[in-house]
Structures are given as C-alpha cells and as structure tokens.
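See below for the structure under consideration.
A note on names: the letters A, B, ... follow the listed sequences, proteins ahead of strands, and every chain is numbered from 1.
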Amino acid sequence: MTIALIRYIAADALRAERWAPPVFCFIVATAAFNAGGGPAVSCYGFAASVLFAVAVWLTVAVGNSEDPVQTAITVVTVGSALRVRLAKLGTSYLVCLLLAGIALAWPLVGSHAATLAAVVAGGVAQLLSALAGVAFGALLTRPVTNRLGLVVVVGVAACLAELAIPGAPPVRRLLTMFGANDLPGPADVAGPLLLITIETLALSALLIAAAQAIARRRT
Amino acid sequence: MPDASAVALRGVRKRFSRVGRWVLNGVDLTAGAGTVNVIAGNNGSGKSTLLRIVAGAAGPTEGQVERPPRSVAYVPEELPARLRMDADTYIGHLGRLRGLDRAVVAERSRSLFDRLGLDPGPHVPIGDLSKGNSQKVALTQAFLAPTQLLVLDEPYSGLDEEAGKELVGLLEEARGAGSTIVLSTHDPAVLAAADAAYFLVDGQLRPAPSWPELSAVERPRTVIRLVLTAVDDRASPQELASMPGVAAADYDLPGGQLVVRTEDADSLLYRALASGWSFQRGHPEDGQS
C-alpha cells in the first residue's frame, strides 16, 4: 500500500509540473560546477549544498500538489494522515536520490580526481543534505503554512543559515569536511561523517515531528 | 465499543489555531451500524469540519472520536478544480490505495459511472467536469468497495434528479449491508427520512425535532390550499389525503397534481416533501374553490 500511495502522490505531482524548476535548477547547477577541473570533493560539497535548497523546494512542490480537499479523501482512504504526509516526504526524497545519483556520477565521468573514500563520502553527503532539505520543506508545506511569501523568506533563510552558520549540520559541516582535503582517505571522512549523520538525523526528526504537530492542529 | 461499525464522538471541540474561535464546541454523537445519520445546519455552522473529524480526515482539538479502524469512505462537498487526473486514473489510484484489484476497480467504477450517469465519460480531467459530474466521481470512489463508515458532505447538492435517486439507492444498499452513514444536507426530505437527525448550532449538535414533536406544536388553524406534484414512486395521494387536518384532496387533475385543503399546512408539507412530493404553490383558502 505504501508503494501505491507513493505512486499516486508521484502521479499527481508529476501532472502539476511544479517539480520541474527545482530539478532543472539542480541539473544546471551541477553542470556548471563540473565544467571546471579540480578534485571531485569540491563538486560533491557544492552539490550537497545545492541539493539542500532543491530538496526544500521539491518538498514544498510535492507536498502542496494535492488540494486540501483531495488530501482529505486520500487520508480517509489510507486511514492515516501521518502516513500520507510521510509518503509525500518520501516521494520528494526519492526524487532527491535520483538527483544525488546524477551529482555523484558527473565528476567521475569527467576528468576529476577522486578517491573511493571521496565518492562514498560524497554519496552520504547527498543523502544527508537531501534529508535535511526534505525535513525543512515539511515545515513549509500545507497545512503548516500556506503563505507563499513566508515560505520563500523562510526557505531562503534556512538555505543561507545552512551555508553561513559555522558548524550547522549538515551543509556547512559537509563543506568544511570536503574543504579540508582534496583527496581524502577513509580515515579523513569516517569520523566527521558519522557525527554529521547523527546530527542530521536528529535535526530532521525534530523538524518533521514539529511539522506533524502543527499540521494536526491546522487540519 | 459494542459494535464494530459504530461511531462515537464525545466532547469533541475543534479550533484551527491556539486562540481561534471554537468551530465545534462539545459535540456528542453516536451512530450505530446500519443507520443513516443526518446533520443539518446553516452555512458556516461547522458541518464540514464535523464530517471531516467523523471521517478521520482531521483530528479534534479536544475530545474523543471512535470509528471503525479501517474502511471509511469520505465524499467532500466538492472535488477541487485543481484535480488534473481524469476520473478513470483517479479512481484507479484510490482503488489501489484501498488494496483492491485493478480489474475489480475497473468493473465497479464502470458500473457506478453508468448508474450515476457520468456524462462526459471517464477520460476528462476532473477539474474540467461540471459540479454535478465531479460529484459523481467523488461518489464513485466512496462506493468502490463496501465500507463500515460512509461520510458524505451534502452529497445531493449539484446532482441531477436521476443521479439523486441512484444515490438514495446506493445509500440504502450500504445501510442494508451494515454501514454507518453520516451525511449533511439542507434537504428537509433527506432529514425526514433519516434514522437520526441533528442540527449543528453554536458548535453543538441538537437533535432535530422528530415528526410527532413537530406536529404537536400549536399553530394558528387557517385552511390552506396546497398544490403538490408527485416526483417519485413513493408519492401516494391516499396517504396524504388520510393525514389529520386534511379537509379535502383532489388528485384527478391534468398534470398529476394533488390539491389539498388543510388546517395544518406545516405538518402536511413536511410529510409530503419527505415522501416524494414537490411543492408547487399554496395560498390561504378564501372559501371559494
């Protein structure tokens, strides 16, 4: 039934075409940053920070695709508002995984220097960035808020905060990690990644739980 | 809960923000299996909010709601114009969400579309359908499979007469199969035919006055001449003619009209509307015919 739910959400969102701008923005950004030479890790760091913003955008696009009345029917049919909300976040995350795959493969196809540790770390970085982006997006989706102005301002602020605040998980932390070493070995990334993963999981769980609590009241 | 299909709301209150006004303010409702429960109320009285809570599309701010754990169907007042899927695709998805087999959904939806008379066919985007036709799509998804609880928000509004009759039949079948049915309406005939009827006033449910209570109210007795026409098979001139207070009745008129003279027009009209008659006109009897 979860697969049926994700298929339905994806089919509905696909028709809305609001997924297109963030997806194409990400592809263009990835292409632009890969146009130069340099080590793959710098591409991965950049892709992770862009993927965060794109994940926020995609989550809002997918989450707001259904009209509230349509959502009511879906929720009653499925029997759980929580499952429907999580499935929407899951659908957004699946699209992000696709984008992460593109970002991961691109530098390898080109002539960027990379180590295995760099590629694995790059993959984990995309997963974490996308997760945090989806979690922030959950807070900017109906019925938590429906004010477009607020969504844009808070969305952009979240992206800037992730880039600017030292030690902010996951984006700023990942950029710091990738900036430290052009051709990292396993020992260089294992420790920092584990910590960033734990922080990102905790942050995301907190954001999604908060979104769910507000959504319950406002439905 | 004594009955698997029963619905019970206890002290349900609802508001949409921490400081907002209470849309529902202490609603108690019990609905047994195999009963039709109708909620009436003015526009903006909170009927839709209450029905969403009964269906489980929304949660109460305070209070308890018990409903069958699975198999609930919900028909909103109107499907959104933004719905881009066509009827077949949308119903197919919802059928799979209910865990139904693709072939079963196709067969059942085809039969429901036929019965309700979905006119432009199932391949037009739902957002492009008229209010009545999109209502038929909403009804089709609700009747795809038997459910323990059916919640319908003004299901008759916007439906043509034929589809309205089919809906009466579908609801009767569901009721016979033991479904609990909760619906809202402005139609006094629907209200009068229900097993239980309520008015939603000031965020609370009040039982709608039953027929004996209504007829017991003292009213000034002037003779009124009412002209009615039969709109369905239930309409029986004999039954109306035998009601208390009916002074005279003439049915054998061209056009199938019934003319009754009565001292208690309110009661007669209430009964007539509930039993297949439509009101044409009425005026005080002046002694001459």
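In terms of heavy-atom pairs under 4.5 angstrom with chain B, the leader among A:Gly79, A:Pro143, A:Ser65 is A:Ser65. In terms of non-hydrogen atom pairs under 4.5 Å with chain B, the most contact-rich of A:Ala11, A:Ala215, A:Ala16 is A:Ala16. Options A:Ile214, A:Val84, A:Ile73, A:Val75 differ in how many heavy-atom pairs under 4.5 Å they form with chain B, and the most are formed by A:Ile73. Per-residue heavy-atom pair counts under 4.5 Å with chain A were compared for B:Gly20, B:Ser48, B:Ala57, and the maximum is reached by B:Ala57.
Contacts of A:Phe33 classified as ring-ring contact (aromatic ring centres under 6.0 Å, His included), with partners at least two apart in sequence or in another chain: A:Phe46. Residues that satisfy the side chain to side chain contact (heavy atoms under 4.5 Å, CB included) test with B:Arg175, not counting sequence neighbours, are B:Val36, B:Glu172, B:Ile181, B:Asp195. Shown here are the ring-ring contact (aromatic ring centres under 6.0 Å, His included) partners of A:Phe178, two or more places apart in sequence or in another chain: there are none.
With a 4.5 angstrom heavy-atom cutoff, A:Arg216 touches chain B only via backbone atoms. At a 4.5 Å heavy-atom cutoff, A:Thr71 makes no contact with chain B through either its backbone or its side chain. The parts of B:Arg18 that come within reach of chain A are both its backbone and its side chain, each placing non-hydrogen atoms under 4.5 angstrom from that chain. With a 4.5 angstrom heavy-atom cutoff, B:Ala73 touches chain A only via backbone atoms. At a 4.5 Å heavy-atom cutoff, the contact between A:Ala72 and chain B is made by backbone and side-chain atoms alike.
Around the CD atom of B:Glu173, the shell of radius 6.0 Å holds more than 12 heavy atoms that belong to other residues, nucleotides or ligands. Around the CD atom of B:Glu107, the shell of radius 6.0 Å holds no more than 12 heavy atoms that belong to other residues, nucleotides or ligands.
Of all residues spanning residues 78-98 of chain B, those with a heavy atom less than 4.5 Å away from chain A's heavy atoms are B:Glu78, B:Leu79, B:Pro80, B:Arg82, B:Leu83, B:Arg84, B:Met85, B:Thr89, B:Tyr90, B:His93, B:Leu94, B:Arg96, B:Leu97, B:Arg98, arranged by number.
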